[in-house]
Amino acid sequence: MARMKITSEFSPALHTDLYQLTMAYGYWKTGMQDREAVFHLFFRHHPFKGGFTIAAGLEIAIDLMESYRFEGEDLDYLASLRGNDGLPLFEGKFIDYLSALELRCDVDAIPEGTVVFPFEPLIRVQGPLLHCQLLETPLLNLINFQTLVATKAARIVLAAKGEPVIEFGLRRAQGLDGGLAATRAAFIGGCAGTSNVLAGKVFGIPVKGTHAHSWVMSFDSEPAAFQAWAQAMPNNCIFLVDTYNTLDGVRNAVEAGKELRRRGYEMVGVRLDSGDLAYLSVEARRILDEAGFRDAKILGSNELDEYIIGSIKEQGGAIGMWGVGTRLATSYEQPALDGIYKLSAIRSEGGRWEYKIKLSEQTIKITNPGFLQVRRFGPDSEFLADAILDERLKVDGDWVIVDPMDRTRRKKIPQGTAFNDLLVAVFRGGRRIYDLPPLAQIQDRARGQLQCFHEGVKRFIYPHTYPVGLEKSLFELKEELIIRARQASHRNSSGAF
């Protein structure tokens, strides 16, 4: 399978917000550009009020970082920007600096297809402060969306309970790049195929499709349309049967299927795209079976999501394949993942590391300091808990993880428990050392990961909370930094609680 590359005519370096460039300029002006820093990308809430999230988007983020440079036209554009006084926003020497910039960051990331949880760093970036800062917007843009869609796809696939789900969302997706990214992420989440032909070419994802209502309406009658389709595409006959009357459409499909058999072909099935899919699928199944088409599939579509699919199955629906479009490719229920990218440590001029923390009146918005790693405890067949730890802090004896939202909620993990560290090395000094896995392998990882969690974690309504917390010494360091920062703030202001 091919890689999803940054193939736009526009430069990856300008795929950013202006304030990243103005901060970079400020670091350069103050001589801070090469101070070593550490940033982490993470999110605060599971999407869709769920109990898990599927990490996705890393491959295209890697491609962006590998191709990151300011081209001549980029530099000319930046030189043309003006401040409020009408003078250039950036000095010419800074433009020259950008012209020679090559990323020198160390990047660690959780592989795509991994089940992840709030506050766990999906990506850790360490390197020159200016370089790390410039990566904020593009990394969030690329990771947030694909992670969101991969998670939605996984939920839909779980609802389908082993029946194949085909991604049908290109017509409603947000543009060409959004459509490609959504299809890729949906495949990671477990979809068996897509209607997106370009994604089929780029990624090697199986492409699937039927015909539209316009085909049927182009003929004098539905039987004529189906017979013509059978003549034109005898090896790809899924008949869309709801243009006029769904069950009559199934009967007409049966007649076309009989003609196909006489010619040595077999009808693949019928597609239901409107109406009461639970009732209509049962009746369609009866008609097909009585006519001798027991192997013919019933494909259901029409604004489906995990809740509707679950409801149809609870009602005994006979759908065997699901075409899911708008609510998957656009993440219709939730338009964005709340991914963020925050500074957690910076090296002082004297060479000593200083841990950084952002305070807030909202506990959930207080960041975690340090050089973070995620350690997943438990055998490969059953995950027990995740610890967010600082790689520079030593842990002796049993592990204790603390809920960052409630210090009284703690979980002890006995010393010697099997574990895996989730963040793996991707770049060192700006050079990629990570081998990109095939897309099918990423999909297998997501499927295998989900099997290792308790069923309650995968529940759609009030899911079970999987244990994730800060390793105890990191939690205590965080509390100490919070107290220091608040004391310093109070000394410099007259603010109250």
Side-chain angles (χ1 to χ4, degrees), residues 1-17 20 41 43 47-48 53-68 112-113 122-123 135-157 165-209 301 303-306 322-341 436 439 442-443 446:
M1 295 183 185
R3 291 176 57 191
M4 184 172 181
K5 289 185 170 292
I6 304 292
T7 55
S8 166
E9 63 181 294
F10 306 114
S11 166
L14 295 190
H15 185 66
T16 192
D17 294 304
Q20 309 294 1
L41 185 154
F43 60 94
F48 319 116
T53 298
I54 304 290
L58 178 61
E59 183 176 300
I60 188 172
I62 287 173
D63 182 64
L64 179 138
M65 288 184 279
E66 284 192 298
S67 58
Y68 193 96
E112 291 185 276
L122 306 189
I123 298 180
L135 289 174
E136 176 178 0
T137 295
L139 288 182
L140 287 170
N141 176 264
L142 297 174
I143 299 297
N144 281 349
F145 179 65
Q146 287 203 46
T147 296
L148 191 69
V149 174
T151 305
K152 188 66 171 178
R155 290 165 60 88
I156 291 169
V157 169
V165 176
I166 312 300
E167 183 269 315
F168 274 3
L170 179 59
R171 290 173 297 167
R172 306 275 173 77
Q174 281 86 351
L176 174 62
D177 55 348
L180 278 172
T183 299
R184 180 181 185 276
F187 188 76
I188 289 173
C191 286
T194 180
S195 65
N196 187 338
V197 179
L198 181 58
K201 175 190 174 185
V202 173
F203 305 127
I205 299 172
V207 291
K208 305 290 183 180
S301 56
E303 300 299 322
L304 298 175
D305 61 16
E306 64 268 43
W322 304 88
V324 185
T326 304
R327 300 192 181 205
L328 172 54
T330 68
S331 186
Y332 188 86
E333 180 185 350
Q334 179 176 327
L337 182 73
D338 65 344
I340 49 181
Y341 182 88
L436 292 161
L439 193 59
I442 297 172
Q443 185 190 63

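By convention here, the first residue in the shown sequence is residue 1.
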Distance from [X] atom [atom1] to [Y] atom [atom2], nearest 0.5 Å?
| X | Y | atom1 | atom2 | value |
| --- | --- | --- | --- | --- |
| L14 | T137 | CG | OG1 | 12.0 Å |
| E303 | T326 | CD | OG1 | 4.5 Å |
| I62 | L436 | CD1 | CG | 4.5 Å |
| Y341 | I123 | OH | CD1 | 8.5 Å |
| L135 | Q20 | CG | CD | 9.0 Å |
| F48 | T151 | CZ | OG1 | 6.5 Å |

Of the options Q146, H15, E136, which is the one that meets N141 in a side-chain hydrogen bond (donor to acceptor under 3.5 Å, both in side chains)?
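Among Q146, H15, E136, the one meeting side-chain hydrogen bond (donor to acceptor under 3.5 Å, both in side chains) with N141 is H15.
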Salt bridge present between K152 and E306 (N-O < 4.0 angstrom):
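So K152 pairs with E306 through a salt bridge.
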Decide, yes or no, whether a salt bridge links E333 with R155 under the criterion of side-chain N to carboxylate O below 4.0 Å.
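No salt bridge links E333 with R155.
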Closest approach of [X] and [Y], non-hydrogen atoms and distance?
| X | Y | result |
| --- | --- | --- |
| I143 | L58 | CD1-N, 3.7 Å |
| P206 | F187 | CD-CE1, 4.2 Å |
| N196 | G179 | ND2-O, 3.5 Å |
| A61 | L139 | CB-CD2, 3.8 Å |
| V197 | V207 | CA-CG1, 4.0 Å |
| P47 | L148 | CB-CD1, 3.5 Å |

Measure the shortest side-chain to side-chain distance between [X] and [Y] over non-hydrogen atoms and say whether it is less than 4.5 angstrom.
| X | Y | result |
| --- | --- | --- |
| V324 | D305 | no |
| L439 | I205 | yes |
| R184 | I188 | yes |
| E112 | I60 | no |

Using a 3.5 Å distance criterion without hydrogens, assess whether the side chain of T147 forms a donor-acceptor pair with backbone atoms of A56.
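Yes, because the side chain of T147 sits within donor-acceptor range (under 3.5 Å) of the backbone of A56.
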Taking the side chain from Q443 and the backbone from C191, do they hold a donor-acceptor pair closer than 3.5 Å?
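Yes; at least one donor-acceptor contact below 3.5 Å.
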Apply side chain to side chain contact (heavy atoms under 4.5 Å, CB included) to V202 and T183, showing your working.
CA-CA 11 Å; V202 173; T183 299; over 6 Å; no
Checking side chain to side chain contact (heavy atoms under 4.5 Å, CB included) against F43, which of I340, L122, N144, L140 comes through?
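Checked I340, L122, N144, L140 against F43; only one passes side chain to side chain contact (heavy atoms under 4.5 Å, CB included): L122.
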Go through the steps to decide whether W322 and I156 satisfy the test side chain to side chain contact (heavy atoms under 4.5 Å, CB included), and finish with yes or no.
CA-CA 9 Å; W322 304 88; I156 291 169; 6.0 Å; no
